[in-house]
A.B. asks: 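Could you have a look at this structure, given as structure tokens, before my questions?
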Amino acid sequence: GVATQVALEQTDLETYLLKRRLKEYMAAGGERSFLDSLAGEGETVWFALHGPRRFTGALLEVGRYELSLQAEGEEAESVHKLQVKLAARGVDAERVEAEIEMAPGASATGPVAAPQDRYHLSNRRLMAFKEAGDCLQVSMLEGETLYGHVDWFSRWEIGIRSKASNTEVVVFRHAIVQLERH
């Protein structure tokens, strides 16, 4: 089947192999979640929220649509997942903050609630970026820009290794306005 299509130039072998690797990758880790991996662990987590608000504290629980967060000495609060743009381990917060660039004239906006109105970013494109090791520019809805390489991705999140410090920053797909090679 596939060999014949390649021989007859009806399909490209690299495209076919990329699709196959992507299918295996998504089957193994497509539901991966940075949030789920840290919930209830007691580790400090840093979040960039819409507004632009920053939060550092404990991630108590991850619900279907909401996160339960608690800053030190404060009461727990509930935050909708669409409010979260970026996340990192608390120990990396200062490095991540230092690497985020703000676009001139950037202003606070709310999240884009309707999936069809969000920036479309295909898994195939992410897989190609991951395999190539390309340095990317990730631009967020409220003007934040981050540079790095795709380390991993899942249905909702993209793990970026920052260019300057090699720190893992989790970018939430719903908060991206553009992703391109740098």
Side-chain angles (χ1 to χ4, degrees), residues 17-50 54-70 78-93 95-97 99-100 111-116 118-141 144-163 165-182:
L17 293 174
L18 176 65
K19 285 181 189 177
R20 190 171 175 175
R21 290 189 306 272
L22 174 60
K23 184 177 179 181
E24 291 169 0
Y25 180 85
M26 292 307 289
E31 300 296 318
R32 174 183 179 168
S33 172
F34 175 80
L35 298 174
D36 289 338
S37 71
L38 294 179
E41 295 294 315
E43 184 175 346
T44 301
V45 183
W46 172 87
F47 292 103
L49 305 170
H50 280 282
R54 302 297 194 250
F55 173 88
T56 303
L59 174 58
L60 304 175
E61 186 179 348
V62 178
R64 184 173 179 146
Y65 301 108
E66 306 259 332
L67 305 175
S68 179
L69 307 174
Q70 185 174 22
S78 183
V79 174
H80 197 283
K81 286 182 179 178
L82 286 179
Q83 291 295 323
V84 181
K85 299 182 289 185
L86 301 166
R89 296 182 186 282
V91 297
D92 297 328
R95 281 185 295 232
V96 172
E97 286 275 5
E99 292 183 46
I100 295 172
V112 178
Q116 67 270 17
R118 297 179 193 151
Y119 178 69
H120 178 70
L121 186 55
S122 71
N123 288 338
R124 187 183 305 173
R125 187 169 165 216
L126 283 171
M127 187 69 167
F129 286 147
K130 179 183 178 325
E131 290 182 344
D134 293 332
C135 183
L136 304 174
Q137 175 181 333
V138 183
S139 301
M140 311 303 287
L141 287 169
E144 297 98 337
T145 301
L146 182 67
Y147 299 92
H149 308 273
V150 174
D151 193 28
W152 59 270
F153 63 94
S154 68
R155 194 169 163 190
W156 302 281
E157 305 165 2
I158 303 168
I160 301 287
R161 274 288 153 201
S162 66
K163 181 179 177 182
S165 68
N166 200 33
T167 303
E168 181 183 34
V169 181
V170 178
V171 178
F172 291 82
R173 289 173 98 154
H174 61 259
I176 297 173
V177 74
Q178 187 174 16
L179 182 96
E180 60 188 5
R181 285 183 176 90
H182 175 64

A.B. asks: At what distance, to the nearest 0.5 angstrom, does CZ of Arg155 lie from OG of Ser33?
C.D. replies: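 It comes to 12.0 Å.
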A.B. asks: Would the distance check show the side chain of His149 and the main-chain N or O of Asn166 forming a donor-acceptor pair, the cut-off being under 3.5 Å?
C.D. replies: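 Side chain of His149 to backbone of Asn166: no pair is present.
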A.B. asks: Give a yes or no answer on whether the side chain of Lys163 reaches the backbone of Glu99 with a donor-acceptor pair at less than 3.5 Å.
C.D. replies: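 Absent.
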A.B. asks: Between Leu38 and Arg89, is there a side-chain heavy-atom distance shorter than 4.5 Å?
C.D. replies: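 Yes; the side chains approach each other to less than 4.5 Å.
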A.B. asks: Please state whether the rings of Phe47 and Phe55 are parallel, tilted or perpendicular, taking 30° and 60° as the class boundaries.
C.D. replies: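 Phe47 and Phe55: tilted rings.
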A.B. asks: With a 4.5 Å limit on heavy-atom distance, are the side chains of Val177 and Tyr119 in contact?
C.D. replies: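 They are not in contact (no side-chain heavy atoms under 4.5 Å apart), so the answer is no.
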A.B. asks: I want to check something: taking the side chain as every heavy atom from C-beta on, are Met26 and Leu22 in contact at a cut-off of under 4.5 Å?
C.D. replies: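 Contact flag for Met26/Leu22 side chains = yes.
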A.B. asks: Between Leu59 and Leu35, what is the shortest heavy-atom contact and its length?
C.D. replies: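 The pair with the smallest heavy-atom distance is CD2-O, 3.4 Å.
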A.B. asks: To the nearest 0.5 Å, what is the distance between CH2 (Trp156) and CZ (Phe34)?
C.D. replies: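 It is 16.0 Å, given to the nearest 0.5 Å.
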A.B. asks: Going from CD on Glu31 to CD on Glu157, what distance comes out if it is rounded to the nearest 0.5 angstrom?
C.D. replies: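 That separation rounds to 10.5 Å.
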A.B. asks: Which heavy atom of Arg125 sits nearest to which heavy atom of Ser122, and what is that distance?
C.D. replies: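 Residues Arg125 and Ser122, closest heavy atoms: N-OG, 3.1 Å.
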A.B. asks: Name the residue from Lys81, Glu61, His80 that meets the side chain to side chain contact (heavy atoms under 4.5 Å, CB included) definition with Glu66.
C.D. replies: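 When side chain to side chain contact (heavy atoms under 4.5 Å, CB included) is applied between Glu66 and each of Lys81, Glu61, His80, only His80 qualifies.
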A.B. asks: Answer yes or no: are there more than 12 heavy-atom neighbours, outside Arg54 itself, under 6.0 Å from its atom CZ?
C.D. replies: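 Yes, CZ of Arg54 has more than 12 neighbouring heavy atoms, counting only those of other groups under 6.0 Å.
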A.B. asks: I'd like to know whether Leu49 forms a side chain to side chain contact (heavy atoms under 4.5 Å, CB included) with Lys85, so could you lay out the CA-CA distance, the side-chain angles of the two residues, the decisive distance to 0.1 Å, and finally the verdict.
C.D. replies: CA-CA 6 Å; Leu49 305 170; Lys85 299 182 289 185; 5.9 Å; no
A.B. asks: If we only count heavy atoms from C-beta on, is the Leu179 to Val171 side-chain gap below 4.5 Å?
C.D. replies: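 No, too far: nothing below the 4.5 Å cut-off.
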A.B. asks: Does any part of the side chain of Val169, heavy atoms only, come nearer than 4.5 Å to the side chain of Val138, both counted from C-beta?
C.D. replies: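 They are not in contact (no side-chain heavy atoms under 4.5 Å apart), so the answer is no.
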A.B. asks: Does Arg118 reach the main-chain N or O of Arg173 with its side chain, forming a donor-acceptor pair under 3.5 Å?
C.D. replies: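 Side chain of Arg118 to backbone of Arg173: no pair is present.
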A.B. asks: Tell me the closest heavy-atom pair linking His50 and Leu141, and the distance in Å.
C.D. replies: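 Result for this residue pair: CE1-CD1, 3.8 Å.
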A.B. asks: Give the minimum heavy-atom separation between Leu18 and Ala128, together with the two atoms involved.
C.D. replies: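 Taking Leu18 first and Ala128 second, the nearest heavy atoms are CD1-N, 4.3 Å.
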A.B. asks: Using atom types as modelled and distance alone, determine if a side-chain donor or acceptor of Thr167 lies under 3.5 Å from a backbone N or O of Ser162.
C.D. replies: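 Flag not set: sc Thr167 to bb Ser162 has no pair under 3.5 Å.
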A.B. asks: Would you check if Leu69 and Leu60 make a side-chain contact, meaning some heavy-atom pair closer than 4.5 Å?
C.D. replies: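 The answer is no; the side chains never approach within 4.5 Å.
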A.B. asks: How far does CD of Glu144 sit from CG of Leu86, to the nearest 0.5 angstrom?
C.D. replies: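 Rounded to the nearest 0.5 Å, the CD-CG separation comes out at 6.0 Å.
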A.B. asks: Considering only heavy atoms from C-beta outward, does the side chain of Leu67 approach that of Gln83 to under 4.5 Å?
C.D. replies: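 Side-chain contact under 4.5 Å: no.
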A.B. asks: Rounded at 0.5 Å granularity, tell me how far CG in Leu121 sits from NE2 in His174.
C.D. replies: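 Between atom CG of Leu121 and atom NE2 of His174 there are 13.5 Å.
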A.B. asks: Does Glu168 reach the side chain of Arg161, with side-chain heavy atoms less than 4.5 Å apart?
C.D. replies: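 Yes, side chains in contact.
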A.B. asks: With respect to Trp152, which candidate in Ile160, Val170, Ile158 satisfies the side chain to side chain contact (heavy atoms under 4.5 Å, CB included) definition?
C.D. replies: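 Among Ile160, Val170, Ile158, the one that satisfies the side chain to side chain contact (heavy atoms under 4.5 Å, CB included) with Trp152 is Val170.
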A.B. asks: Do any N or O atoms from the side chain of Ser154 and from the backbone of Arg32 form a donor-acceptor pair under 3.5 angstrom?
C.D. replies: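 Judged by distance alone, yes, a pair lies under 3.5 Å.
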A.B. asks: If you measure only the distance, is there a donor-acceptor pair under 3.5 Å linking the side chains of Gln137 and Thr145?
C.D. replies: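 No - no donor-acceptor pair under 3.5 Å links their side chains.
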A.B. asks: Provide the closest heavy-atom pair for Ala39 versus Val62 in the form atom of the first, atom of the second, distance.
C.D. replies: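 It is CB-CG2, 3.7 Å.
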